[in-house]
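Notes to accompany the following structure.
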Amino acid sequence: MELRLSDKSLLPVLTALLLLGCGLSLAVGAMHIAWQDVVAGLLHWTWPGALDLDVPEQYALVLGEIRLPRLLLGLIVGGTLGMCGAVLQGMFRNPLAEPGIIGVSSGAAVGAGTVLVFGSVLAGSLGALSFLGSWAGTLFEQVQWFLLPAFASAGAILATWLVYVLGDRGRSVVMMLLAGIAVSALAGAVLGMFAYVATDTALRDMTMWQLGSLAGATWTSVLVTGCIFMASSVLLWRRAGDLNALLLGESEARHLGVDVLGLKRQIIVLNGIAVGAVVSVSGIIGFIGLVVPHIVRLLRGPDHRFLIPYSALLGGLLLTVADTIARSVFAPAELPVGILTAIIGAPFFLFLLWQQRRQIA
Amino acid sequence: MLLKISDLSIRYPRAESPLLEHISLDFHCGQVTALLGPNGCGKTSLLRAISGELSYAGHIQLLGRPQADWYRSQKARRALARRYGLLAQHSNLNFAFTCREVVLLGLGPGSLSRAQQDTRIQHFMQRADVWHLRDRLFPSLSGGEKQRVQLARVLSQLSLADPSDEKILLLDEPTSALDLKHQHEVLALAREVADEKTAVIAVLHDLNLAARYADRMVMLARGRIQADGPPADLLQPALIEQVYGYRGQLVDVAGYSALL
């Protein structure tokens, strides 16, 4: 099957869908807000009192403090996962690679878990020393916004590197998938051990990670992940031409003038930083990075110059829509969005496996 | 001299004896050189060493500079890529590029206009006899078709070189997946390319094909060069037996010598 749409037809449709998804995500939820109230509420939250608008105060609060950061975080997390899936598949030269499947996200969760568990334990024991008092705990809370993504990124980089080396540098699909299983299992075991030493708060955060959710969205997390997303997407997109050459094979890319080692190093690090940052705020949301690049390839072709930006766009759209569904089907209770993406994504993964069974075996 | 190999030895870790020992070879512009020898004699390894993908002892001078110089900066890498191409034996591209797009990858992010790119792609795809496949998806092709598309890509890559520059084209078993007609067509094309200021080095298995299209044959066996010279001198049953361990018979057909 081959569609190959042009930017002229694809971009307007995708943008329209994205705007629709954003509007829906702001309007729908435990509290339904009418379309005109969404606009009025956001304006009122941005410039309180400047415009004489007749909207309930709580609408403005829900929109500005809860739904808008959550919407933006969804776009950032989905965009990052879509883009990173596309880039990882390029580096592994294999359309089955995905941050969740090959254990990159699990590695990030271990990194973030290390900070939460040992950070709070360390802060607690330092705080027990009377002369330090509550100062240590406050300090920890102050630097947590930075430490969490930093450690998560380190975990993700380590996991990617491990899977890449064990997977015979992209030559063997089977080894890559097996290495991914091993890394995920190891990460699961480490997280399980953390659960025994964790405080109640840390435990709650860790459970949320393993399911994947956007419920923890704050303006701080939007800002941190947003900046990292912007920077990493620009840097990765600049290597799109080199990634295309790499698809031909390492030796071929080398003969086309690509610094293959440098390229792979850069991808592993940038991909790790980006995935680490989003996992540290949203947990492991699987399969976005698998499904999205696949759809984009069908619509626009496998050229990374288009695949990377479109995957980011479609990933953001898909996760936003999924999150809107996840928090409205059982409202006021909320389904972790990671469960929803897995329900859709896992059968898709099986379908791809079945489709490729001859090449893999 | 485009490529000068001096005193090259290759030894794989944990191997009992070196794969290649103290090999010295020069390659010249305008020549098609066939690298021949039994399986596992180190032909492909020699190509990989020339490309800097394999560590070796000795010295390789590539396009007038020590090989390592070409990999020091991005600028040098790109400059090398315009003058130095490799057609690998297998291509495992798993993504649904059309054949046209694959050939376009050879032109890279260069300075050509859209129209110039189109003309070149058409030119080289026609020369490799794959223009009719241009809109087909690359993974759906047969092995031989893939190889010819890749050849068109490598040729378009070398077309980026300055017209005054000399070039090197390495072909790793270019005929292994091809049918009879295309074996001859591809080697005839290699012959033409050599006349366009290029040194062509081809790993081949078919002695008769090599004898017909190459200007020079180099036979490797047991880690050393067993013979090096024009095909007419090398197509001798005694020498062939020494290299391959197989005694053939030389027959003359329509002006060509053929080994049966």
Side-chain angles (χ1 to χ4, degrees), chain A residues 1-4 86 89-97 168-173 176 237-263 266 293-307 352 355-356 358-360, chain B residues 44 47-48 50-54 62 70-98 100-110 135-140 146 149-150 153-154 156-158 160-161 168-172:
Chain A
M1 181 164 76
E2 203 206 350
L3 291 167
R4 291 295 169 95
Q89 287 161 20
M91 186 182 78
F92 279 94
R93 279 182 282 131
N94 168 358
L96 293 178
D168 206 10
R169 297 170 188 279
R171 276 191 284 270
S172 162
V173 189
M176 176 198 80
W237 189 60
R238 282 177 51 181
R239 303 306 298 262
D242 290 345
L243 264 169
N244 284 340
L246 190 63
L247 290 184
L248 291 168
E250 281 194 24
S251 172
E252 283 85 346
R254 192 181 157 88
H255 278 91
L256 282 165
V258 177
D259 174 14
V260 175
L261 199 68
L263 174 66
Q266 197 180 4
H294 199 86
I295 296 172
V296 175
R297 275 195 206 96
L298 284 178
L299 297 176
R300 188 62 183 79
D303 188 332
H304 281 93
R305 287 173 300 169
F306 309 107
L307 183 63
L352 283 185
Q355 213 183 25
Q356 297 209 356
R358 266 186 215 97
Q359 287 164 35
I360 293 169
Chain B
T44 299
L47 287 195
R48 292 187 59 205
I50 296 172
S51 308
E53 291 175 65
L54 200 64
L62 200 60
W70 289 105
Y71 296 101
R72 289 240 166 84
S73 71
Q74 197 48 39
K75 209 177 151 207
R77 281 174 207 279
R78 298 273 186 219
L80 178 65
R82 287 194 288 271
R83 299 178 59 189
Y84 176 67
L86 166 86
L87 176 66
Q89 196 178 347
H90 304 288
S91 60
N92 47 356
L93 179 66
N94 292 326
F95 294 87
F97 282 102
T98 64
R100 217 189 145 276
E101 290 171 327
V102 171
V103 179
L104 184 61
L105 288 179
L107 292 174
D135 292 324
R136 286 269 303 276
L137 292 183
F138 185 82
S140 72
K146 283 181 182 171
V149 172
Q150 293 282 11
R153 173 184 67 76
V154 177
S156 69
Q157 175 191 339
L158 292 180
L160 293 171
I168 299 174
L169 174 61
L170 304 180
L171 306 169
D172 193 358

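Quick note on labels: first sequence line is chain A, next is B, and so on, each numbered from 1.
A donor-acceptor pair under 3.5 Å is formed between the side chain of B/Gln74 and the backbone N or O of A/Gly257.
Listed options A/Gly90, A/Pro95, A/Ala245 were ranked by heavy-atom pairs under 4.5 angstrom with chain B; first place goes to A/Pro95. When each of B/Ala79, B/Ser51, B/Gly85 is scored by its heavy-atom pairs under 4.5 Å with chain A, the top score falls to B/Ser51. Ranked by heavy-atom pairs under 4.5 Å with chain B, the list A/Leu248, A/Val258, A/Asn244 is led by A/Leu248.
Judged by a 6.0 Å distance limit and a 45° cone about the ring axis, A/Arg254 is positioned over the six-membered ring of B/Tyr71.
A salt bridge does not link A/Asp259 with B/Lys75: every distance from a Lys NZ or Arg NE/NH1/NH2 to an Asp or Glu carboxylate oxygen is 4.0 Å or more.
Here the side chains of A/Leu256 and B/Gln157 are in contact, with some heavy-atom distance below 4.5 Å. A 4.5 Å side-chain heavy-atom check between A/Leu247 and B/Asn94 finds every atom pair outside the cut-off.
What you find for A/Gln89 and B/Phe95 is that their closest heavy atoms are O-CZ, 3.6 Å.
B/Val154 does not touch chain A: none of its heavy atoms, backbone or side chain, sits under 4.5 Å away. Interface residue B/Arg153: only side-chain heavy atoms are found under 4.5 Å from chain A. Looking at B/Leu105, the atoms closer than 4.5 Å to chain A (heavy atoms on both sides) sit in the backbone and in the side chain alike.
Applying the ring pair (Phe, Tyr, Trp, His ring centres under 6.0 Å) rule to A/His255 yields the partners B/Tyr84; only residues at least two apart in sequence or on another chain are considered.
To the nearest 0.5 Å, atom CZ of residue A/Arg93 and atom CG of residue B/Asn92 are 5.5 Å apart.
With hydrogens and angles left out, the side-chain atoms of A/Ser251 and B/Glu53 include a donor and acceptor closer than 3.5 Å.
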